[in-house]
There are 2 protein chains.
Amino acid sequence: MAETHDATAGDSWRERLRASGHRLTAQRELVLQAVDTLGHATPDEVLAEVRKSTSAVSLSTVYRTLDLLEELGLVRHAHLHDRAPTYHSTTSPPHAHTVCRRCGRVRELSQPRTAELVATFREGEGFEVDVAHLTVFGTCLDCEAPAG
Amino acid sequence: MAETHDATAGDSWRERLRASGHRLTAQRELVLQAVDTLGHATPDEVLAEVRKSTSAVSLSTVYRTLDLLEELGLVRHAHLHDRAPTYHSTTSPPHAHTVCRRCGRVRELSQPRTAELVATFREGEGFEVDVAHLTVFGTCLDCEAPAG
DNA sequence: TTATCTGCAAACCGTTTGCATATAT
DNA sequence: ATATATGCAAACGGTTTGCAGATAA
C-alpha cells in the first residue's frame, strides 16, 4: 500500500519533496515532526506543539503544510470530533476509527476487521472504502461515562 | 425503533412538541415540511425552500429549529460533504450513506447490509454504531466520472 | 399575561486568500 | 537570480448568541 511511508527511511520524504518541485523548509520539518509526536492533532494543536520549540511558524503555514504533506502521503486526516479535523502520520497502515459519544474514547479499528469491512463493501456494494478517512460514531456497550 | 416517526401519523409530532413544553409555530411547520420535501438538505437549502412560500423565516431560526426537530427525533443529520451537514426526515429507518469522491453519487446502504454492519461492530467490537450518522467515503468501482 | 420564540446583527470558529517580504535552490 | 514559501491581516462560510420585540399558550 503506497499510502504508508516507511518510518525507518526517515529521509526519503525530503527527496520526494524536492522531486515534486517543492522546497525543504524548517517549517515543513517542524510540522511533520509535530504530527508524528502528537498522534492525532488538529491544525491548532500542531501549531501549539511547534511553538514549544520556535515561534517561526504561522497558522496559515500549518494549514498549507498539512495540505502538502497529505498530498505527498506523509499524513492523513480524519474527523474525530465536531471541531477541526485531526492529522496523523502515515507510518501505520490505514485504519478506521470508532469514537464513543459517551466516554469520548477513540479506538483504531483492528487490521482484520478493517480488511473485512473493506472486503464487504467492495464485494457487496461495488464500493472501494477510503478506510483511513472513516470515523464510526456510536457508543461503547460497556462504557462507564454518564449516559447521554 | 423509536427513532422513526410514522409518516401516516402526520399530526402526532405537534403533540410531542407541546408535550415537551415547546410551542407550535409556523416556522417549525415550514422547516419540517421543507426537510421532508428536499430529501437531504443543508440549513441554507432549507431556508431557500421555505422562502419559496414565505420570507417569514430567518437563518438562525432554521438552525434552532433543526436542532429542536432533531432532539424530538423528527429529523437526523449526516455529513455527506465538506460543507454543511445535511438533514433528512426520519420517516425511513436509519441507514448509512456511501459517497463517491469521483462521481459524487450518494447511496443509502441497504437495510440488510446496514444490519450486518451494526451486528459486526456490536459483536466484534462491543460498539453500538450510530448508523444514521455514518457516511462512508470512497469510490464506486465502476464509476464513470473522470478519475481523480 | 407571560414564557417561549423570533429576527436581527454581531460575534464566533476554523479555514482560505492576497500580497509584500523572506528564503531555498 | 528567481521561483517558491512565508507571515500577516483581512475575508470567508457555516454556526451561535444576546437582546429587544413578537406571539402561542
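Predicted model, so just to flag it, every value in this text is computed and none were measured. Side-chain atoms are counted along with the backbone in the values below, which use heavy atoms only and exclude waters and symmetry mates. Proteins come first, then strands; the chains are lettered A, B, ... in the order of their sequence lines, and each starts at number 1.
Here the C1' atom of nucleotide D:dG14 and the CG atom of B:Leu80 are 16 Å apart, to the nearest Å. The distance from atom NE2 of B:His79 to atom P of D:dG13 is 20 Å, rounded to the nearest whole Å. The nearest whole Å value for the distance from the CG atom in B:Leu17 to the C1' atom in C:dC5 is 12 Å. Protein atom CZ of B:Arg83 is 15 Å distant from nucleotide atom C1' of C:dT15, rounded to whole Å. Rounded to whole Å, the distance from NE2 on B:His22 to P on C:dT2 is 21 Å. Here the C1' atom of nucleotide C:dT25 and the CD atom of A:Glu15 are 16 Å apart, to the nearest Å. Look at CG on A:Leu30: it is 10 Å from P on D:dG7, rounded to the nearest Å.
Put simply, the side chain of B:Thr114 does not reach to within 4.5 Å of the side chain of B:Leu134, judged on heavy atoms. Looking at B:Phe121 and B:Val131, their side chains never come closer than 4.5 Å, going by heavy atoms from C-beta outward.
Here the NE2-CD distance, from A:His40 to A:Glu45, works out to 11.5 Å after rounding to the nearest 0.5 Å.
Proximity of A:Gln27 to the phosphate of C:dT23: no side-chain N or O atom is located under 4.0 Å from OP1 or OP2. Considering only side-chain N and O atoms, B:Arg28 lies under 4.0 angstrom from the phosphate OP1 or OP2 of C:dC5. Between B:Arg18 and D:dA25 there is a side-chain N or O to OP1 or OP2 distance below 4.0 Å.
Sorted by residue number, the members of residues 44-65 of chain A with any non-hydrogen atom under 4.0 Å from DNA chain C read A:Leu59, A:Ser60, A:Tyr63, A:Arg64.
Counting distance only, with no hydrogens placed and no angle test, the side-chain atoms of B:Arg23 and the base atoms of C:dA3 include a donor-acceptor pair under 3.5 Å.
Comparing A:Thr25 and B:Asp67 against DNA chain D, the residue whose closest nucleotide sits nearer the 5' end is A:Thr25.
Proximity of a side-chain donor or acceptor of B:Glu70 to a complementary backbone N or O of B:His77 within less than 3.5 Å is detected.
Relative orientation of the B:His79 and B:His133 rings is perpendicular, given thresholds of 30° and 60° on the angle between their planes.
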